[in-house]
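Just so it is clear, the model here is predicted, and its values are computed rather than measured.
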Amino acid sequence: TLKAEGATGEKPGTDQLTGPSAEVKAGITTISQARQDSTFIKMIKDAIIATNKDGTCCPSNAAKIQRFTILPQDFSVETSLISP
C-alpha cells in the first residue's frame with residue numbers, strides 16, 4: 001500500500017495519502033485515486049523493473065517481483081490482516 005495518513009500498524013489509517021506519496025501528482029490526494037492513476041502505476045512499475053535488474057536484490061528469477069497491486073488500505077492489527 002501507499003503511505004496512509006494515520007496508519008500505525010495497529011490501525012490502518014485513512015484513505016488520505018501522506019509523505020512522499022502525497023507529492024507524486026497534483027490533485028491525487030487519496031489511495032483510491034492513486035490506485036487508478038497511470039503516474040502512480042508507472043512509478044511503481046519503473047521501481048520494480050530497476051529492482052528486478054539489480055542482481056544484489058534479485059539474484060535469481062525466483063526472487064523477482066512478477067506482479068503488484070496497490071491495496072486499498074494498510075495491513076493492520078485492527079483489520080486482522082496482521083497479528084499483534
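Distance check: Glu5 CD to Leu17 CG gives 9.5 Å after rounding to the nearest 0.5 Å. Rounded to the nearest 0.5 angstrom, Phe40 CZ and Ile28 CD1 are separated by 6.5 Å. Atoms CD and CD1, from Gln16 and Ile31 in turn, are 9.0 Å apart once rounded to the nearest 0.5 Å. With values rounded to the nearest 0.5 angstrom, Thr79 atom OG1 is found 5.0 Å from Gln73 atom CD. Within the model, atoms CD1 of Ile44 and CG of Leu2 stand 5.5 Å from one another, a figure rounded to the nearest 0.5 Å. How far OG1 of Thr51 is from CD1 of Ile48: 7.5 Å, rounded to the nearest 0.5 Å.
Summarising the geometry of Lys11 relative to Ser76, their closest heavy-atom pair is C-CB, 3.6 Å, with the distance given to 0.1 Å. Contact detail for Ala7 and Pro12: the closest heavy-atom pair is CB-O, 3.5 Å. When all heavy atoms of Asn61 and Gln66 are compared, the closest pair comes out as O-NE2, 3.7 Å. Taking every heavy atom of both residues into account, Asp74 and Ala4 meet most closely at OD2-CB, 3.9 Å.
Residues forming a side-chain hydrogen bond (donor to acceptor under 3.5 Å, both in side chains) with Ser32 (at least two apart in sequence, or on another chain): Asp15. Qualifying side-chain hydrogen bond (donor to acceptor under 3.5 Å, both in side chains) partners for Lys45, counting only residues two or more places apart in sequence or in other chains: none.
Counting heavy atoms from C-beta on, the side chains of Asp46 and Lys42 come closer than 4.5 Å. The closest side-chain heavy-atom distance from Lys3 to Pro20 is not below 4.5 Å.
Asn52 contributes a side-chain N or O that, together with a main-chain N or O of Ile65, makes up a donor-acceptor pair within less than 3.5 Å.
Note on Phe68: it does not cluster hydrophobically with Ile49, by side-chain heavy-atom contacts below 4.5 Å among ILVMFWY residues.
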